[in-house]
Protein chains: 2
Amino acid sequence: MPVTARPPGRPRAGIDATVFAATLTTVTDLGYANATVDRIAAAAGVAKTTIYRRWPSKGALITACLVDAFGPVPLTGADRAEILAAAIRWAAAKIAEPGIGAAFAGVFTDAVSDPDLRRILSTQLQDPYRIALQEALDEPETRVLFFIDVVIGTLIHRMGMTGEPMVAADVDALVDMVLRVLERP
Amino acid sequence: MPVTARPPGRPRAGIDATVFAATLTTVTDLGYANATVDRIAAAAGVAKTTIYRRWPSKGALITACLVDAFGPVPLTGADRAEILAAAIRWAAAKIAEPGIGAAFAGVFTDAVSDPDLRRILSTQLQDPYRIALQEALDEPETRVLFFIDVVIGTLIHRMGMTGEPMVAADVDALVDMVLRVLERP
DNA sequence: CCCATTACGCTACTCAAGGTATCGATACTA
DNA sequence: TAGTATCGATACCTTGAGTAGCGTAATGGG
């Protein structure tokens with residue numbers, strides 16, 4: 001007896017992965033502003049209405065795509081410092097991947113003036129990482145939120161201002177800076 | 001003998017300040033996304049075409065408004081640490097002012113996918129402060145750019161994720177964190 | 001086998017907003 | 001008075017997000 005009974009009617013085709021891939025390649029090729037839902041649908045070989053049947057808005061689609069692309073944060077390391085350093089470098093590497101940084105910056109920007117999207121972004125993308133980091137680092141919520149603001153804010157600001165991801169030397173400086181705060185509050 | 005001869009034709013009316021004020025109040029009241037150029041023009045008592053005669057795009061208008069609202073950075077303090085601390089607190093206070101934070105976050109977001117706007121934002125808003133800080137702190141360009149990414153990125157990320165400006169305790173932590181890097185690179 | 005149910009593709013559509021074109025009126029200089 | 005450039009007003013173009021309706025394809029149940 002399955003826990004969730006299969007709902008009646010035609011089952012959904014497994015196109016989520018295809019749409020996510022099309023979203024990232026479209027953003028990479030054309031930029032966030034030109035990555036319209038029409039174009040993403042065309043790139044995925046899917047009707048636009050199908051996309052809106054699965055995600056309520058373009059921002060929700062991008063957010064879901066980002067959640068899928070980021071995956072779980074690797075919490076590896078011998079101590080808290082190593083864990084946090086690994087998480088920062090992982091975030092920097094992810095944001096530097098083609099399309100992800102631009103998509104992230106774009107959806108973040110849209111969220112500023114859109115409370116609904118802000119809630120989606122906060123609960124679906126930020127909260128899981130915040131909770132995982134709280135437990136792994138044994139730090140209070142306010143401090144973890146501060147770390148996230150610093151790390152993600154810095155990486156996105158660089159991406160937005162220059163159009164390029166942050167170079168390795170500056171990522172090193174970012175890791176070093178945050179670790180000092182962790183070790184000597 | 002005036003240095004710049006007055007150009008022929010009807011002179012421009014002195015409405016820049018009026019439009020800037022209308023822009024901030026409109027953003028404050030309605031949010032960045034709902035602060036359309038039509039509404040800003042109406043709030044300023046000015047025709048939309050007049051706005052487009054003076055600023056080439058909405059982003060350029062917002063940027064000019066921000067440049068006007070921020071004004072010059074105060075570089076006061078006995079030593080480099082005090083100067084940088086004062087600059088960070090000044091930035092945090094400005095971004096917390098009604099409308100400014102939302103406008104900043106909005107135009108920043110738009111700039112991510114708009115190279116033209118990115119150039120305007122970089123040259124007209126960031127560069128003056130970067131240059132002034134380079135001289136006041138006697139630090140290389142890359143380091144000052146890193147500081148700007150950290151400070152502005154953190155403040156904007158908080159503003160974008162929560163819709164509220166950063167609280168005083170976190171601004172203190174931000175100042176403390178950056179000062180450590182300044183004093184012990 | 002037929003039916004209810006749901007998903008898909010397609011076309012067409014609405015709506016909002018950035019940005020443009022045109023034109024008459026106005027303010028200033030020479 | 002002629003020339004120039006601005007302002008306001010109206011109308012318009014274009015793009016893109018999101019929706020509605022319809023025929024069709026799958027699936028499970030009777």
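Note that the structure is a prediction, hence the values are computed from the model and not measured. Convention: sequence-line order gives letters A, B, ...; per-chain numbering from 1.
Annotation: cation-pi geometry satisfied between A:Lys58 and A:Tyr32 (NZ/CZ under 6.0 angstrom from ring centroid, within 45° of ring axis).
In this structure, CZ of B:Arg12 is placed 18 Å from P of D:dT4, rounded to the nearest angstrom. Atom pair A:Asp116:CG and D:dA17:C1' shows a separation of 15 Å (rounding to whole Å applied). At whole-Å resolution of the value, CD1 in A:Ile40 and C1' in D:dG16 are 12 Å apart. Remark: C1' of C:dC8 and CG of A:Asp16 are 14 Å apart, rounded to the nearest angstrom. Separating the CG atom of B:Asp38 from the P atom of C:dA16 is a distance of 12 Å, rounded to the nearest angstrom. Between the CH2 atom of B:Trp55 and the C1' atom of D:dC7 there is a distance of 13 Å, rounded to whole Å. In this structure, B:Tyr52 places its OH atom 16 Å from C1' of D:dA9, rounding to the nearest Å. With rounding to whole Å, B:Ile51 atom CD1 is found 15 Å from D:dT6 atom C1'.
Side-chain atoms of A:Tyr129 and A:Val144, non-hydrogen and from C-beta on, never get closer than 4.5 Å to each other. B:Ser122 places a side-chain heavy atom less than 4.5 Å from the side chain of B:Asp127.
B:Arg39 has a side-chain polar atom (N or O) that falls below the 4.0 Å cut-off from OP1 or OP2 of C:dA17. Dashed line: the shortest gap from a side-chain N or O of A:Thr36 to OP1 or OP2 of D:dG16 is not under 4.0 Å.
The residue A:Thr49 sits close to a base: some heavy atom pair falls under 4.0 Å.
Side-chain proximity of B:Pro8 to the nucleotides C:dA17, D:dT4, C:dG19 is greatest for D:dT4.
Taking the six-membered ring where tryptophan is involved, the planes of B:Phe20 and B:Trp55 are tilted, since the angle between them lies from 30° to 60°.
Mapping B:Arg53 and B:Gly9 onto DNA chain D by nearest heavy atom places B:Gly9 at the nucleotide closer to the 5' end. Mapped onto DNA chain C by nearest heavy atom, B:Lys48 and B:Pro11 fall at different nucleotides, with B:Lys48 at the one closer to the 5' end. Mapping B:Lys58 and B:Arg10 onto DNA chain C by nearest heavy atom places B:Lys58 at the nucleotide closer to the 5' end.
When the shell of 6.0 Å around CG of B:Asp138 is examined, it contains 12 or fewer heavy atoms from other residues, nucleotides or ligands.
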